[in-house]
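One structure below.
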Amino acid sequence: MPRRTRIVVAGAVATALGLTVAGMGVADAATAPPPLAFTMATPNVLAERYVYDDGEGELAFDLGLNVIAGKDPLEIRAKRSSYAKPITAEQIVLRKGKKKAVPLPAGMVTGWGGLRNFAAITLKNAAGKQVAGYQTDFCPNAYDSARTRRDAPAQNPYPRGCSEGPFNLGAVWGIQAGWNAPVASMPRTGALDLPDGVYSATATVNKKYRDHFKIAAKSATLKLTVTVKTIDRGDDAAAAAGARVKALRSGDDPAAAAAAAEHGEHAGQGEEDLQISAYKPEFRPPAKRPRTVKAATIPKGPRPDLRSLPASGITLSQEEDKKWYVNFGATVWNGGTSPLLVDGFRRTGTELMDAYQYFFDAKGKEVGSVAAGTMEWDARDGHRHWHFTDFAQYSLLKADKKVAVRSGKEAFCLVNTDAVDYTIPNAKWRPSNTDLSSSCGENTAVAVREVLDVGNGDTYTQDRPGQSFDLTGLPNGTYYIQVKANPSNKLAELSTKNNISLRKIVLGGTATVRTLKVPSVNGLD
């Protein structure tokens, strides 16, 4: 397929293809590589122009631009102490065998998407006239990174993707030594459309990055030929194509994004892909219940710490039943010193499991477990997996903080969807590669394991059935969306003082035309 072929070419820097950067072969281990190299996979790129039923067109292309780390990894840590404070970022460098934090120049990091305005892209038509010019960002956390030199380390420890949640607290971005990471090819926002034809593209690393990362000016500009070809996709593939365009703007893996759009999302992850225990025996929990013990008898040591982030993506809608609803997304994350691991054991012949929380010492050895409620099978479209019933609770509170409406969403499949803060100790940068992995199970499961790793959050966006608040009969005024973790205190954690977050909203209008205002949180939406 053309899409698959193009992605493979753009990501195939590890195969070298005779590429040269600053006059040296990428695969030449004998020559000392520069700290960072800017290169391309191929000088010729096919750009697909999607046309939908409304006649509108939009380009989707990957220029195959890549950054390659030299003899040392590129590692950047971004953090903010509170939502009222700006994000600060430091590069972790090795000097005489010791790590040192070097502040990044102002303007390089303004959000959680990586390095802002890393490269400038221009496109010219056959007559030499510029038809497009824009800036692109750079997320070093590649989904499909590979080593580009034979002597490069065998494993990449850095996270996959740059999580851009509005209420994130810390991030780690990195490229393993000798490995590659793609640079976003398309504008961050706005459609880019060009008629069929052949264009010349120029990509240049901006000066502040050339200076800071010591990228030679002569190797900081790449020239390519881009051929635009129209492909009539229609509505059937609109969602997947849209996801691909979004991924190409951010530098994420386009194939993974398209697959998620086609198969449904749980905050960006295809849930059908999470059934790890179906084919990996090591991820299956034991088939019988553990011996129950009292929480007080569990040895002191690492614990999870569930924390709620303010609700986000808040909207107002009127549905076919003529009722008005407040829609929202909610995140609970683990800021503790141990993963939250819950195993469920099925009550034979029922669609209910008994759940147990497990504990580990500082070396990761299992040291005990306690009863922690239940799991139940959810057969609704958009779910079809086992839900842990004692993880979180959503409520709409009145101005006096008393409950006005309770959300129907009160059970959860735990998945590491968001990197909320990877700068805290013990944060799991690549949670899908650990033994304590999430699996939400099929209806034929006799046992299920669900995990929320340290530093990671589980986000439920509004596309989950039954999550929104029904406003029917509620008067205008101030309300609060409350997200509460561990509502029944059935889970043992470091603290329960940070389990609740509140997000203010203001309802107005009339019974037939309601309005909604959502004040920002220290300027964050």
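Because only heavy atoms are used, hydrogens play no part in the values below, and waters and symmetry mates are left out as well, while side chains stay in.
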Residue list, side chain to side chain donor-acceptor pair (under 3.5 Å) with R503, at least two apart or on another chain = none
Residues G455 and A427: closest non-hydrogen pair is CA-CB, 4.4 Å
Residue set satisfying side chain to side chain donor-acceptor pair (under 3.5 Å) with D305, at least two apart, ordered chain then number -> R307, N498
Short question: side chain of R449, backbone of V342 - any donor-acceptor pair under 3.5 Å?
-> no
Please step through side chain to side chain contact (heavy atoms under 4.5 Å, CB included) for the pair L507 and R514, ending with a clear verdict.
-> CA-CA 7 Å; L507 297 178; R514 305 213 68 165; 4.2 Å; yes
State whether the side chain of Y325 and the backbone N or O of E319 hold a donor-acceptor pair below 3.5 Å, judged by distance alone.
-> no
May I ask you to say whether K363 pairs ionically with D361, meaning some side-chain N is under 4.0 Å from a carboxylate O?
-> no
Any idea which heavy atoms bring F388 and T374 closest together, and the distance?
-> CD1-O, 3.4 Å
Judged by atom type as modelled, is there a donor-acceptor pair below 3.5 Å linking the side chain of E493 to the main-chain atoms of L306?
-> yes
Side-chain donor/acceptor of E48 to backbone N/O of A60, under 3.5 Å = no
R147 side, atom CZ; N156 side, atom CG - distance, nearest 0.5 Å | 11.5 Å
Is a side-chain donor-acceptor pair under 3.5 Å present for T423 with R77?
-> no
S488: partners by side chain to side chain contact (heavy atoms under 4.5 Å, CB included), with sequence neighbours left out = D390, K490
For T472 and K323, test the side chains for any donor-to-acceptor distance below 3.5 angstrom and give the result as yes or no.
-> no
Answer yes or no: is there a side-chain heavy-atom contact under 4.5 Å between T389 and M375?
-> no
N168 backbone acceptor or donor facing R80 side chain under 3.5 Å = yes
Show your reasoning for whether side chain to side chain contact (heavy atoms under 4.5 Å, CB included) applies to V370 and Y358.
-> CA-CA 7 Å; V370 294; Y358 285 77; over 6 Å; no
S407 side chain vs S468 backbone, donor-acceptor pair below 3.5 Å | no
So, T459 versus T331: side-chain donor-acceptor pair below 3.5 Å or not?
-> yes
Can the positive tip of K365 be found less than 6.0 Å from the middle of the six-membered ring of F360, inside 45° of the ring normal?
-> no
Measure from the side-chain N and O atoms of S308 to the backbone N and O of V483, and report whether any donor-acceptor pair falls under 3.5 Å.
-> yes
Check: T148 side chain, G178 main-chain N or O, donor-acceptor pair, under 3.5 Å | yes
F469/F328 aromatic ring centres below 6.0 Å | yes
Here the gap from L414 atom CG to L341 atom CG, rounded to the nearest 0.5 Å, amounts to 9.5 Å
Does the side chain of L115 reach to within under 4.5 Å of the side chain of D137, using non-hydrogen atoms?
-> no
Going from CG on D421 to NZ on K79, what distance comes out if it is rounded to the nearest 0.5 angstrom?
-> 3.5 Å
Is there a side-chain contact between D418 and N456 (heavy atoms, below 4.5 Å)?
-> no
Begin from the C-alpha positions of Y460 and Y394 and carry the test ring-ring contact (aromatic ring centres under 6.0 Å, His included) through to its verdict.
-> CA-CA 11 Å; Y460 270 84; Y394 308 149; 7.6 Å; no
Does the side chain of Q357 come within less than 4.5 Å of P304's, by heavy atoms?
-> yes
Would you say the side chain of F138 lies within less than 4.5 Å of the side chain of P182, judging by non-hydrogen atoms?
-> no
Starting from the C-alpha separation in whole Å, work towards a yes-or-no answer on side-chain hydrogen bond (donor to acceptor under 3.5 Å, both in side chains) for S395 and R406.
-> CA-CA 5 Å; S395 302; R406 189 86 76 194; 2.6 Å; yes
Looking at side-chain heavy atoms only, is the closest gap between K401 and L502 below 4.5 Å?
-> yes
Is there a side chain to side chain contact (heavy atoms under 4.5 Å, CB included) between Y479 and K504 once you walk through the steps?
-> CA-CA 6 Å; Y479 293 84; K504 181 179 178 179; over 6 Å; no
Could you state the interatomic distance from CG (L309) to CG (L524), rounded to the nearest 0.5 Å?
-> 11.5 Å
Smallest heavy-atom separation, F345 atom then A447 atom, equals CD2-CB, 4.4 Å
Answer yes or no: is there a donor N or O on one side and an acceptor on the other, between the side chain of N141 and the main chain of G174, under 3.5 Å?
-> yes
Closest approach of W173 and G111, non-hydrogen atoms and distance?
-> CH2-O, 3.8 Å
Any chance the side chains of N327 and T315 put a donor and an acceptor closer than 3.5 Å?
-> yes
Just how far is it from atom CD1 of I424 to atom CG of N334, taken to the nearest 0.5 Å?
-> 7.0 Å
Taking atom CD of Q482 and atom OG of S501, what is their separation to the nearest 0.5 Å?
-> 8.0 Å
Taking every heavy atom of I76 against every heavy atom of A89, the minimum-distance pair comes out as CG2-CB, 4.4 Å
Ring geometry between Y158 and W429 (parallel below 30°, tilted from 30 to 60°, perpendicular above 60°) = parallel
Please tell me if the side chains of I481 and I505 come closer than 4.5 Å, counting only heavy atoms from C-beta onward.
-> yes
Does L59 offer a backbone N or O that forms a donor-acceptor pair with the side chain of Y50 under 3.5 Å?
-> no
W324 vs S317, side chain to side chain contact (heavy atoms under 4.5 Å, CB included): CA-CA, chis, key distance, verdict | CA-CA 6 Å; W324 290 89; S317 67; over 6 Å; no
Of all heavy-atom pairs between Q176 and P73, which one has the smallest distance, and what is that distance?
-> OE1-CG, 3.6 Å
Are W112 and C162 close enough that some pair of their side-chain heavy atoms sits under 4.5 Å apart?
-> no
